[in-house]
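Lettering follows sequence order; numbering is per chain, from 1.
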Number of protein chains: 2
Amino acid sequence: MMHKTISLADQIFERLESDILTGVYPIGSVLTELSLSEDLGVSRTPIREAVRRLEQEHLVEPSSKGVVVLSITPHDAMIIYDIRIQVEGLAARACAENITDEQLAEMKELLELQEFYIKKADSEKIKNTDSQFHQMIYQFAGSPVYYDTLAPLHNKTQKFRKASVARSGKAVNSHQEHHDIYRAIAARDPDAAELAMKRHVEEAKKRLAELAEI
Amino acid sequence: MMHKTISLADQIFERLESDILTGVYPIGSVLTELSLSEDLGVSRTPIREAVRRLEQEHLVEPSSKGVVVLSITPHDAMIIYDIRIQVEGLAARACAENITDEQLAEMKELLELQEFYIKKADSEKIKNTDSQFHQMIYQFAGSPVYYDTLAPLHNKTQKFRKASVARSGKAVNSHQEHHDIYRAIAARDPDAAELAMKRHVEEAKKRLAELAEI
DNA sequence: TCATGGATATATGCATACAATTATACTCGC
DNA sequence: GCGAGTATAATTGTATGCATATATCCATGA
């Protein structure tokens with residue numbers, strides 16, 4: 001009997017990550033292992049493990065007392081986008097070269113789901129599917145190096161992106177760009193995939209820059 | 001009194017990381033928390049923490065029993081270089097825009113030191129200064145994003161690079177390229193800096209590819 | 001002989017207890 | 001009233017114990 005049991009540490013990490021990115025724990029707030037373990041009703045052990053992972057992803061930073069929730073400056077966000085433009089371009093290219101039919105089908109399904117949420121103007125779900133699309137690219141690119149490099153960068157821009165996608169018109173643009181990327185990958189055209197991805201991340205950067213009035 | 005006390009978990013992580021990268025624990029070998037705690041004479045708690053970090057860096061992989069030591073495939077190494085070509089290019093550009101005079105002086109000093117070691121053919125020191133030069137670029141680029149992204153990638157290619165630099169002739173090439181980068185940064189010429197860095201990492205990739213007979 | 005099932009050993013996941021460090025608050029002396 | 005020094009509290013680091021899941025080995029039966 002293959003009972004898939006997810007460890008408490010993993011669950012807590014995901015919850016804390018999400019709560020930080022969505023602002024439940026505001027920037028600058030302090031988290032201690034003890035208070036978290038009381039809040040979440042578990043011992044410090046799995047909390048510690050989760051917090052260590054948050055540290056590695058630079059979502060929190062050790063301080064004299066506990067860890068403090070970090071933010072990124074608009075400047076950092078712009079740099080992250082510059083890096084993503086280049087590296088996600090490479091990842092999309094690798095995807096076009098390596099993706100399997102099953103993975104392609106999965107990707108298509110996700111795009112259809114996103115279309116559905118766009119029609120319903122459910123910005124929270126739109127944001128989620130958006131993230132999932134990019135993470136699929138990272139995972140289907142054929143080397144864990146892509147995911148390891150890009151996932152933390154992507155995470156760090158989440159809260160900026162949230163505001164960006166909330167404007168429904170922009171979400172449609174983004175979805176169209178995703179579809180362009182998908183088509184290039186489905187056609188196994190690395191050049192087109194890289195170009196489409198680079199354009200997409202560049203547009204995302206522009207949308208953010210406008211919004212943040214940088 | 002500022003007594004810097006390094007946690008056991010940190011020490012163990014560094015030791016295990018080094019031992020894996022240098023082959024003390026060969027690829028495919030299995031490590032269990034219990035055996036490690038007995039070997040190193042500490043409890044499982046700091047071992048666990050270190051092993052989790054190794055997992056995140058993909059140096060080991062969970063298996064049915066303990067974790068298995070992974071290797072970086074030559075394919076992954078090539079991908080890492082492709083990413084570094086792009087991102088270190090951006091970092092060098094940012095460096096040229098942001099570096100202070102003091103930092104510049106520090107960089108120059110390091111290059112002179114490297115020249116000294118090259119004359120002495122001390123390949124270990126050459127390797128060290130080489131790493132330091134790149135890490136300086138990451139640090140002087142004006143945003144922690146560069147360091148966070150590039151340092152892990154740089155680390156992962158260390159053992160390949162070691163073999164590469166051991167060939168003294170190549171080390172001289174590499175040093176010349178470093179000097180080109182330095183000159184462009186010193187001249188505050190972002191375009192030249194980016195170009196020089198990209199060329200340098202490309203050459204490093206080629207040197208490795210030849211050596212690894214990929 | 002080989003498959004099957006259960007006992008045993010081994011591993012991890014989590015909780016808890018303790019030690020040690022660091023921050024905080026308080027008191028005493030000036 | 002204010003600063004220094006000390007006591008106290010809070011927090012992390014580490015060890016240990018227990019529960020649970022999994023693998024291994026052995027015995028038993030067809």
Review point. With a 4.0 Å cut-off, would you call A:Arg207 and A:Glu177 a salt bridge?
Key: yes

Rounded distance in Å - [atom1] ([X]) to [atom2] ([N]):
X: B:Glu49; N: C:dC14; atom1: CD; atom2: P; value: 15 Å
X: A:Leu36; N: D:dA10; atom1: CG; atom2: P; value: 17 Å
X: B:Glu38; N: D:dT16; atom1: CD; atom2: C1'; value: 14 Å
X: A:Ile6; N: D:dT20; atom1: CD1; atom2: C1'; value: 17 Å
X: A:Leu54; N: D:dT12; atom1: CG; atom2: P; value: 13 Å
X: B:Ile47; N: C:dA11; atom1: CD1; atom2: P; value: 13 Å
X: A:Leu34; N: C:dT21; atom1: CG; atom2: P; value: 20 Å
X: A:Glu33; N: D:dT14; atom1: CD; atom2: P; value: 11 Å

Practice item. Determine the contact category for B:Thr45: base if any of its heavy atoms lies under 4.0 Å from a base atom, sugar-phosphate if only primed atoms, P, OP1 or OP2 are that close, otherwise nothing. Key: base

Taking only side-chain nitrogens and oxygens of [X], does any of them come within less than 4.0 Å of OP1 or OP2 of [N]?
X: B:Arg48; N: C:dG13; result: yes
X: A:Arg52; N: D:dG13; result: yes
X: A:Ser43; N: C:dA15; result: yes

Using distance alone, with no hydrogens and no angle criterion, decide if [X] and [Y] have a side-chain donor and acceptor under 3.5 Å apart.
X: B:Glu88; Y: B:Tyr138; answer: yes
X: A:Asp148; Y: B:His58; answer: yes
X: A:Thr73; Y: A:Asp76; answer: yes

**Study point:** Closest to the A:Ser7 side chain, choosing from D:dT12, C:dT12, C:dG13
**Key:** C:dG13

Review point. In terms of side-chain heavy atoms of A:Arg44, which of D:dG13, D:dT24, D:dA10 is nearest?
Key: D:dG13

Practice item. Only counting residues at least two apart or in another chain, list the ones meeting ring pair (Phe, Tyr, Trp, His ring centres under 6.0 Å) with B:Phe13. Key: none

Revision key, fill the gap. 5'-most contact on DNA chain C (nearest-nucleotide basis), A:Pro46 vs A:Lys65, goes to A:Pro46

